[in-house]
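Notes follow the structure.
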Amino acid sequence: MKTAVTILLIICAVAVSGQNPYRYDFLDQKSFHSALQPYEDTAKTTAKDYQIDIYPLVNIAAGAGDNDMHTLYSANAGAEVKANLTSKLTASYRIYGGISRYMDYFANLADSLHYIPAAGSFKKNGDTYFSLYHDFNLTYHLADYLKFSAGKGRKKIGDGYRSVLLSNNNSGMYYFDIIAGTGSFKYIFSVNTAKSLDSKTGRGRTKYIVYHAISWNITNYLNIGGFESVSTIKRDSSGNSQFVDIHYLNPVLFLRPVEYSIGSPDNILMGIFGKVRYYRKNILYAQVMLDEFNSSFLKAGSDWWAKKFAIQAGARGEVFNRLKYLAEANYIRPFMYSHDDAIRSYSIHSQPLAHPYGANLKECILNLSYTTKNNKWNIDLTADIVKTGIDTDTISYGGNVLRPYTLRSDDYGQSMLQGKPLTITDLNLTVEYKMRLNFDSEGYILKPFVTFGCYNNEEKNVYFLIGIKNFDLTRFY
């Protein structure tokens, strides 16, 4: 599928900040490895050799938005299947789809990408979008400390609202993972594949994302981890895509030395993450991602173009047992995640793999969530403020990760928020009522909801929605 990139719209990717279709409670996990999704919420085998559960999925909403307050709607339905096939083999499959009418800025973004962010491809009739999303997983538990997992889906590494390492705000990848370790130590080797735009040919090609992640619980109150990834594409003499370079498939070697040894032009990124539990269910968390790290990185001034890094710091937890909070800040330098060719950028389907806005940004997020004592009502308030700089001509100012960094104006003089200044403010208030239906022993929750909000970049867009759901979609307003 041909992919067109509209530069001024790519920064509007706040819409892809929606949640994974299943809420992930970082604070109630028995393991402190909650930064590694979806590895800690993968279905576990039970004493039964064979068991299968089927859950219907529904998310229906309607309302109005934009300056003209035109009609918005989304009607999605599907099913999820979870199965224990043997005492060691588990499987899951999720599929849902439907029709939607979006706010104008998000519809323009989807049209430019030929993908609905965090949902996938679509067909369109007038203002109505028809989409279908599915993911699946097959996991073999060789032992308590080793399992193999393959499938398609979205992943995330981190405890925050965002992630500067790997986010679930994209359309998902096909993957093969090896997950090793138990208790205080966990190691993941992952090979992923997806389509991306090749700026040299103007066509979409298959690319590969290989990453390693290590998480170590030093104590019950302290966790640290490391992350490294490579974005690569291998071609034959005719320029056609081939399988991932076999040198990257050694699960016990660091990727940076491998890249140097084979003289590769691939895009290597390295990061660290960690968190501290400081009072009951409250944590402080942080991430740092580095690119182009060498001795020049330490010596060069702050305006050097290759001074590329991303930092996240935040806190989340509970107050009075029913009030949850999250406060987070993200800082990403210009040209972070980009490369000399769009296909080697840290992205898939023309969507960033880390922060949805790309780079060249500062962001502050505050989220408050209150659940009543009877656990029936939930009120969620989110405020997200982003300052960034966008491209206005043929020069790249470093915010759009899909534009080659060779389009920069100079090696020096590259400052934060350069380009056309833009402040994006997103305010959202959602009220949910939880109805428990006892379809099985676990129960089944259906949630009528109403949401109000204001999305303001260069113009103000007010919206409201009312609906009913039992799973969360990416926000479409």
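Note that the coordinates shown come from a computational prediction; the quantities given were computed from them, not determined experimentally.
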Practice item. Any chance you could lay out the side-chain contact (heavy atoms from CB on, under 4.5 Å) test for Lys434 and Asn375, step after step, and finish with the verdict? Key: CA-CA 8 Å; Lys434 299 180 181 180; Asn375 203 36; 4.2 Å; yes
Point to revise | Flag side-chain contact, heavy atom, 4.5 Å: Ile95 against Phe136 | key: no
Point to revise | pair Tyr174-Asn192: side-chain heavy atoms closer than 4.5 Å | key: no
Exercise for review: Please test Tyr325 against Asn282 for side-chain hydrogen bond (donor to acceptor under 3.5 Å, both in side chains), starting from the C-alpha separation and ending with a verdict.
Suggested key: CA-CA 9 Å; Tyr325 69 91; Asn282 295 271; 2.8 Å; yes
Revision key, fill the gap. When Asn168, Ile188, Leu165 are each screened for side-chain contact (heavy atoms from CB on, under 4.5 Å) with Ile157, the one that passes is Leu165
Practice item. Using ring-ring contact (aromatic ring centres under 6.0 Å, His included) as the criterion, point out the one residue from Tyr187, Tyr346, Tyr211 that pairs with Phe227. Key: Tyr211
**Study point:** Candidates Gln312, Lys387, His355 - the one meeting side chain to side chain donor-acceptor pair (under 3.5 Å) with Glu363
**Key:** His355
Point to revise | Shortest non-hydrogen contact between Lys308 and Arg333, atoms and distance | key: CA-CB, 4.2 Å
Check your understanding: Looking at Asp135 and Arg154, does any basic side-chain N land under 4.0 Å from a carboxylate oxygen?
Key -> no
Review point. For the side chain of Ser345 and the backbone of Ser338, is there at least one donor-acceptor N/O pair under 3.5 Å apart?
Key: no
Check your understanding: Within the distance-only criterion (no hydrogens, no angle test), does the side chain of Glu328 pair as donor or acceptor with the backbone N or O of Tyr161 below 3.5 angstrom?
Key -> yes
Practice item. Evaluate the ring planes of His349 and Tyr115, with Trp represented by its six-membered ring, and classify them as parallel (under 30°), tilted (30 to 60°) or perpendicular (over 60°). Key: tilted
Check your understanding: Considering residues, nucleotides and ligands other than Tyr145, do more than 12 of their heavy atoms fall under 6.0 Å from its OH?
Key -> no
Revision key, fill the gap. Looking only at heavy atoms, the pair that brings Phe449 and Ile468 closest together is CE2-N, 3.5 Å
Exercise for review: Find out whether Asn360 and Ile332 are in side-chain contact, i.e. whether some heavy atom of one side chain is under 4.5 Å from a heavy atom of the other.
Suggested key: no
Point to revise | No-hydrogen, no-angle side-chain donor-acceptor test under 3.5 Å, Asn76 and Ser74 | key: yes
Check your understanding: Under 30°, 30 to 60°, or over 60°: which ring-plane class applies to Phe106 and Tyr102, parallel, tilted or perpendicular?
Key -> perpendicular
**Study point:** Gln351 versus Ser171, closest heavy-atom pair with distance
**Key:** NE2-OG, 2.9 Å
**Study point:** Asn223 vs Ile218, side-chain contact (heavy atoms from CB on, under 4.5 Å): CA-CA, chis, key distance, verdict
**Key:** CA-CA 6 Å; Asn223 170 269; Ile218 299 176; over 6 Å; no
Exercise for review: Determine whether the aromatic ring centres of Tyr433 and Trp377 lie less than 6.0 Å apart.
Suggested key: yes
Review point. Between Asp291 and Lys307, is there a side-chain N and carboxylate O pair less than 4.0 Å apart?
Key: no
Check your understanding: Using 4.0 Å as the upper bound for N to carboxylate O, is an ion pair formed by Asp411 and Arg408?
Key -> yes
**Study point:** Beyond-backbone contact of Ile424 with Tyr455, side-chain heavy atoms, under 4.5 angstrom
**Key:** yes
Exercise for review: For the residue pair Lys447 and Asn470, establish whether any side-chain heavy-atom pair is separated by less than 4.5 Å.
Suggested key: no
Review point. Who are the ring pair (Phe, Tyr, Trp, His ring centres under 6.0 Å) partners of Tyr405, not counting sequence neighbours?
Key: Trp305, His339
Exercise for review: Output, in order, the C-alpha distance, side-chain angles, deciding distance and verdict of salt bridge (Lys or Arg N to Asp or Glu O under 4.0 Å) for Asp384 and Arg162.
Suggested key: CA-CA 11 Å; Asp384 181 13; Arg162 309 284 196 198; 2.7 Å; yes
Practice item. Identify whether NZ of Lys or CZ of Arg in Lys152 sits under 6.0 Å from the centre of the six-membered ring of Tyr175 and within 45° of that ring's axis. Key: no
Exercise for review: Classify the side-chain pair Thr90/Asn84 by whether it contains a donor and acceptor separated by less than 3.5 Å.
Suggested key: no
Review point. Will you find, in the side chains of Thr139 and Asn137, an N or O donor that is under 3.5 Å from an N or O acceptor?
Key: yes
Point to revise | Closest non-hydrogen atom pair between Leu361 and Val386, with its separation | key: CB-CG1, 4.3 Å
Practice item. Starting from the C-alpha separation in whole Å, work towards a yes-or-no answer on salt bridge (Lys or Arg N to Asp or Glu O under 4.0 Å) for Asp159 and Lys275. Key: CA-CA 8 Å; Asp159 294 273; Lys275 59 184 173 181; 3.1 Å; yes
**Study point:** Student check: side-chain heavy atoms of Val401 and Tyr357 closer than 4.5 Å
**Key:** no
Exercise for review: Answer yes if the ring centres of Tyr96 and Tyr133 are under 6.0 angstrom apart, and no otherwise.
Suggested key: yes
**Study point:** Residue among Asn321, Asn378, Asp380 satisfying side chain to side chain donor-acceptor pair (under 3.5 Å) with Thr371
**Key:** Asn378
**Study point:** Pair Glu432 + Lys469: basic N to acidic O under 4.0 Å
**Key:** yes
**Study point:** Side-chain donor or acceptor of Ser163 paired with backbone N/O of Leu166 under 3.5 Å
**Key:** yes
Point to revise | Greater than 12 external heavy atoms within 6.0 Å of Asn374's CG | key: yes
Review point. Does a donor on one side chain and an acceptor on the other come within less than 3.5 Å for Asn428 and Thr430?
Key: yes
**Study point:** Polar side-chain atom of Tyr279 near backbone of Gly317 as donor-acceptor pair, under 3.5 Å
**Key:** no
Review point. At what distance, to the nearest 0.5 angstrom, does CG of Asp303 lie from CE of Met416?
Key: 13.5 Å
Practice item. Mind listing the closest non-hydrogen atom pair of Tyr463 and Cys454 along with its distance? Key: CE2-N, 3.5 Å
Revision key, fill the gap. Hits for ring pair (Phe, Tyr, Trp, His ring centres under 6.0 Å) against Tyr397, two or more places apart or cross-chain, chain-then-number order -> none
**Study point:** Backbone N/O of Leu222 and side chain of Thr219: donor-acceptor pair under 3.5 Å
**Key:** yes
Check your understanding: Any side-chain heavy atom of Lys88 sitting closer than 4.5 Å to one from Leu142?
Key -> no
Point to revise | Audit row: Asp177, Lys155, salt bridge (Lys or Arg N to Asp or Glu O under 4.0 Å) steps and yes/no | key: CA-CA 12 Å; Asp177 298 341; Lys155 303 177 181 179; 3.0 Å; yes
Exercise for review: Taking the side chain as every heavy atom from C-beta outward, state whether Ile365 and Leu326 have any atom pair closer than 4.5 Å.
Suggested key: yes
Check your understanding: Do any N or O atoms from the side chain of Asp340 and from the backbone of Pro404 form a donor-acceptor pair under 3.5 angstrom?
Key -> no
Check your understanding: Is the number of heavy atoms from other residues, nucleotides or ligands within 6.0 Å of CZ (Phe176) greater than 12?
Key -> yes
Revision key, fill the gap. Smallest heavy-atom separation, Asn169 atom then Pro356 atom, equals ND2-CD, 3.1 Å
